[in-house]
Amino acid sequence: MQPLPRSFYDRDTELVARELLGKQLVHRVDGELRVGRIVETEAYLGVLDLAAHSSRGRTPRTEVMFGPPGHAYVYLIYGMYNCLNAVTGPEGQPTAVLFRALEPVLNLEGKTSGPGLLCRAMEIDRSLYGHDLLSEDFFISEPAESEEFEIVARPRVGVDYAGADWASRLLRFYIKGNSHVSKK
DNA sequence: TCATTGATGGTCT
DNA sequence: GACCATCAATGAG
């Protein structure tokens with residue numbers, strides 16, 4: 001089990017969002033590995049994407065997205081939940097992929113069918129902001145054995161504020177038929 | 001099953 | 001001061 005190479009993330013964000021499906025998110029906490037299979041993602045396309053935090057400009061919060069790919073963008077939402085993203089694309093292009101749901105593989109307790117819930121189960125919070133995903137305690141890897149699956153594309157969740165054009169784009173991806181996907 | 005609402009605090013204006 | 005890439009509880013039907 002080893003991290004995906006940085007070149008995996010340094011590509012088109014929509015492609016990375018699709019290819020992250022079926023991969024394994026790994027976090028080592030207190031020497032114990034927590035592992036989940038990624039079953040749902042969303043792509044955020046940067047400065048032009050009015051649903052993306054980075055479209056509001058470079059701020060302390062969005063800073064990491066302007067840096068090199070393969071790093072974690074973690075933010076607090078609604079004062080209660082953390083959300084995890086992987087920074088994608090070349091340095092200077094503030095694009096990222098949001099992790100929306102996992103299928104439990106190892107040492108996960110509680111629900112993982114939502115971006116806030118999966119962070120809670122994986123024990124991911126803002127202390128991991130900017131963390132390199134090519135590290136030995138927090139990374140994404142190929143699964144031990146891969147299964148065949150179909151990908152479904154749908155509009156992203158909770159981004160109506162971005163206007164009809166961006167809110168309706170099919171930038172949410174999930175594994176068809178998987179019971180851990182956050183919403184039908 | 002669906003629509004509504006409260007919790008709770010960082011971020012940006 | 002307004003908004004928010006969420007979730008669970010509530011109540012109506």
Side-chain angles (χ1 to χ4, degrees), chain A residues 9 12-21 23 25 27 34 36-67 69-89 93-104 108-131 133 138 140 151-175 177-184:
Chain A
Y9 302 97
D12 175 77
T13 301
E14 187 172 336
L15 178 65
V16 175
R18 288 174 171 274
E19 294 199 0
L20 277 170
L21 295 176
K23 300 290 192 290
L25 178 63
H27 186 203
R34 300 194 185 191
R37 179 175 179 243
I38 299 163
V39 300
E40 180 180 356
T41 61
E42 283 179 0
Y44 286 85
L45 305 186
V47 293
L48 297 175
D49 179 359
L50 297 182
H53 292 163
S54 55
S55 69
R56 312 292 173 87
R58 192 167 186 156
T59 68
R61 183 175 65 150
T62 60
E63 175 66 24
V64 69
M65 285 193 280
F66 289 80
H71 292 257
Y73 167 45
V74 184
Y75 66 91
L76 183 71
I77 189 67
Y78 297 110
M80 262 179 281
Y81 298 98
N82 292 108
C83 291
L84 170 68
N85 296 245
V87 175
T88 61
Q93 177 186 294
T95 50
V97 172
L98 170 69
F99 295 78
R100 284 198 57 89
L102 301 176
E103 176 181 311
L108 289 187
E109 293 184 17
K111 297 181 181 179
T112 52
S113 57
L117 295 173
L118 77 85
C119 282
R120 187 196 265 292
M122 290 288 290
E123 210 160 308
I124 292 165
D125 60 29
R126 284 168 297 157
S127 69
L128 291 170
Y129 179 92
H131 199 288
L133 293 173
F138 187 36
I140 297 159
I151 296 175
V152 179
R154 289 285 181 272
R156 292 171 293 183
V157 175
V159 296
D160 288 347
Y161 62 85
D165 288 352
W166 283 102
S168 63
R169 292 278 299 269
L170 301 180
L171 295 173
R172 173 185 177 223
F173 306 100
Y174 60 83
I175 292 179
N178 189 280
S179 62
H180 299 279
V181 168
S182 66
K183 300 180 180 180
K184 295 176 187 174

Without decimals, in angstroms, what is the distance between [X] [atom1] and [N] [atom2]?
| X | N | atom1 | atom2 | result |
| --- | --- | --- | --- | --- |
| A/Asn82 | B/dT8 | CG | C1' | 13 Å |
| A/Tyr161 | C/dT6 | OH | C1' | 12 Å |
| A/Tyr78 | C/dC7 | OH | C1' | 10 Å |
| A/Tyr75 | C/dA5 | OH | P | 6 Å |
| A/Ile77 | B/dG10 | CD1 | P | 13 Å |
| A/Arg58 | B/dC12 | CZ | C1' | 17 Å |
| A/Glu63 | B/dT11 | CD | P | 13 Å |
| A/Arg169 | C/dA5 | CZ | C1' | 16 Å |

Closest to the [X] side chain: [options]?
| X | options | result |
| --- | --- | --- |
| A/Leu117 | C/dA8, C/dT6, B/dC12 | C/dA8 |
| A/Tyr81 | B/dC12, C/dA5, C/dT6 | C/dT6 |
| A/Met80 | B/dA7, C/dC7, B/dT11 | B/dA7 |

| remark: Per side-chain contact (heavy atoms from CB on, under 4.5 Å), A/Phe99 is matched among A/Ile124, A/Leu84, A/Thr112 by A/Leu84

| In terms of side-chain heavy atoms, does A/Ser54 have a donor or acceptor partner in A/Thr62 at a distance below 3.5 Å? | no

| request: Provide the closest heavy-atom pair for A/Pro155 versus A/Ala167 in the form atom of the first, atom of the second, distance. | output: CB-O, 3.5 Å

| task | Check whether the aromatic ring of A/Tyr44 stacks on the base of C/dA5, taking stacking as ring centres less than 5.5 Å apart and planes within 30° of each other. | result | yes

Which is true for [X] with a 4.0 Å heavy-atom rule: it touches a base, it touches only sugar-phosphate, or it touches nothing?
| X | answer |
| --- | --- |
| A/Arg126 | sugar-phosphate |
| A/Leu76 | sugar-phosphate |
| A/Arg61 | sugar-phosphate |

| query | Do A/His53 and A/Tyr44 make the cut of ring centroids closer than 6.0 angstrom? | reply | no

| field | Distance below 4.0 Å between A/Arg100 side-chain N/O and C/dT6 OP1 or OP2 | value | yes

| note | Of A/Arg154, A/Arg100, A/Arg156, the one forming a salt bridge (Lys or Arg N to Asp or Glu O under 4.0 Å) with A/Glu42 is A/Arg100

